[in-house]
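Accompanying notes for the structure given below.
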Amino acid sequence: MGWGKIRRGLRRARLSWTNDDRTVAVGVCAAQLPAAWLLSLFGGTAEDDYGVGTGGLALGLMCALLFAPLVLPILGLLQTVTQITPAALLAHPSARRFRGPGWAWHLLYVVLLGAGWAFLPVIFWGWSFTATALVLAALGILPVLGVAYARRRAQGTGRTWGALGVWWRGSLGCFGLCGLALVGGSLVAASGLIEEYEPPKLSAAQLAGVWRGDNGAALKLLPGGRAHVTDLPAEAEFDMESAEDIEVCDGMGSWWLDTEGRDDRWGGQGPEERDGVVVRLDGGCGEQTYWTIGGTAHEPELFVLFGDPDAGDLRILKRE
């Protein structure tokens, strides 16, 4: 294939993806994100919330309502530029050469590009590739179908919606999708398909060993109730006002397993009545600290939330 033919093919592909198509794609991408976020909250009930509770959710909803009009168009444009538009430009020559409806080719390339972009969260944050690729693919379906519907309607009526028409329809669609997400998520949760997170039950013998956290923090739980700590954060002897008030301790101390939450200082606000490891250091460095048991039976964790239970400083230790 000569360079001239390639240039003509690229030009035809660019002409096949109009400004009206981009406007619809951005609007649909933005409109679906709040509903996707709500669904992720239902899925999050199967994971440990580390004692953040409903206060964090309420704060998240308030922030979402406040900043959504500013953030959603930007996120919709970002998805359109990185996923929807490149897929459309690839779909046009494929549909011409191999036949078939253009929207089907568009969907295929949206899925493939979603899988390609999924490698970035996997590399930088260790996310699951399969789950990330499926989410990105799912987020590409409605924009593609929305563009296909808008094109067919314009061909039938001879009129396009325009930017204002797209955004007010997108606002109505956003509320509708959020309603469906709430109803669907509630039904799925009520049916038991999404199991609520349950922390593991560990014995004192299972807890014995070395637990490590960030910045070199280490907690060695010895059989018999003795503990050795290195750069381990501990509750301060006074009321904490910021993360800088956390005391970092070294040395020896004692530990015991609390299965009734009696030493959980948050009482009814934090991870009450969850099993935890109470660590008290010799020499007066900090107060005794309640490390709540979290994670899973295969990958257990110990965590403590310093400060406000809704927006505190979370520290996590993982078994070595």
Atom pair CG (D214) and CG (L317), whose distance is rounded to the nearest 0.5 Å: 9.0 Å
Do Q79 and Q32 make a side-chain contact, defined as non-hydrogen atoms from C-beta onward lying under 4.5 Å apart? yes
Would a hydrophobic clustering, with Ile, Leu, Val, Met, Phe, Trp and Tyr connected at side-chain separations under 4.5 Å, put Y149 with V110? yes
Taking T85 for the side chain and T80 for the main chain, is one N or O donor matched with an acceptor at less than 3.5 Å? yes
Within-4.5 Å side-chain heavy-atom neighbours: Y290 and V304: no
Side-chain heavy atoms of R212 within contact of V210, under 4.5 Å: yes
How long is the straight-line distance from SG of C29 back to CG of L78, given to the nearest 0.5 Å? 9.5 Å
Testing the 3.5 Å rule here: is there a donor-acceptor pair between the side chains of D21 and T18? yes
Separation of T289 OG1 from L302 CG (nearest 0.5 Å): 12.0 Å
What distance do C285 atom SG and D250 atom CG have between them, rounded to the nearest 0.5 Å? 7.5 Å
Treating Ile, Leu, Val, Met, Phe, Trp and Tyr as nodes and any side-chain heavy-atom pair under 4.5 angstrom as an edge, say whether V28 and I84 lie in one connected cluster. yes
Single-linkage hydrophobic cluster L107~L89, side-chain heavy atoms < 4.5 angstrom: yes
Using only atom types and a distance under 3.5 Å, with no angle test, would you say the side chain of W117 pairs donor to acceptor with the backbone of T82? yes
So H106 and W17, would you call those rings parallel, tilted or perpendicular, with 30° and 60° as cut-offs? perpendicular
Do F124 and L120 come within less than 4.5 Å of each other through their side chains, counting heavy atoms only? yes
Within 6.0 Å of CZ in F175, more than 12 heavy atoms from elsewhere: no
Testing the basics here: between P300 and L202, what is the closest heavy-atom pair and its distance to 0.1 Å? CB-CD1, 3.7 Å
Min side-chain heavy-atom separation L257-L207 under 4.5 Å: yes
If you measure from CD1 on I316 to NZ on K318, what distance do you get to the nearest 0.5 Å? 6.5 Å
Same apolar cluster: L139 and L113, side chain cutoff 4.5 Å: no
To check you understand the geometry: which heavy-atom pair defines the closest contact between A234 and F306, and what is its length? C-CE2, 3.6 Å
Neighbour count above 12 (heavy atom, 6.0 Å) for W167 CH2: yes
Between W105 and S94 the two heavy atoms that sit nearest each other are CE3-CB, 3.6 Å
Crowded around R153 CZ? As in, over 12 foreign heavy atoms under 6.0 Å? yes
Work out which heavy atom in W103 is nearest to a heavy atom in A148; give both atom names and the distance. CB-CB, 3.9 Å
Take atom CH2 in W161; do more than 12 heavy atoms of anything else shown fall under 6.0 Å from it? yes
Going by heavy atoms in the side chains, are V248 and N215 under 4.5 Å from each other? no
Between L182 and L38, is there a side-chain heavy-atom distance shorter than 4.5 Å? yes
Atom pair CZ/CH2 of F303 and W291 - distance to nearest 0.5 Å: 10.5 Å
Quick one: side chains of residues 219-232, donor-acceptor pairs under 3.5 Å with protein atoms, not counting sequence neighbours, listed by atom name and distance.
residue	atom	partner	partner atom	Å
R226	NE	G253	O	3.4
R226	NH1	G253	O	3.2
R226	NH2	D282	OD2	2.8

Heavy atoms only: give me the nearest P34-C178 pair and the separation to one decimal. CB-SG, 3.6 Å
Counting distance only, does the side-chain N/O of Q83 pair as donor-acceptor with the main-chain N or O of V111 below 3.5 Å? no
Which atom names give the shortest non-hydrogen contact between T132 and P121, and what distance separates them? CG2-CG, 4.0 Å
Does this structure show an ion pair linking K201 with D275, if we count only N-O contacts that are shorter than 4.0 Å? yes
Is it true that atom CH2 of W256 has more than 12 heavy atoms of other residues, nucleotides or ligands lying nearer than 6.0 Å? yes
Are the side chains of I293 and P200 in contact, using a 4.5 Å heavy-atom criterion? yes
Determine, using the 4.5 Å side-chain heavy-atom cutoff (strictly less than), whether L70 and V26 are members of one ILVMFWY cluster. no
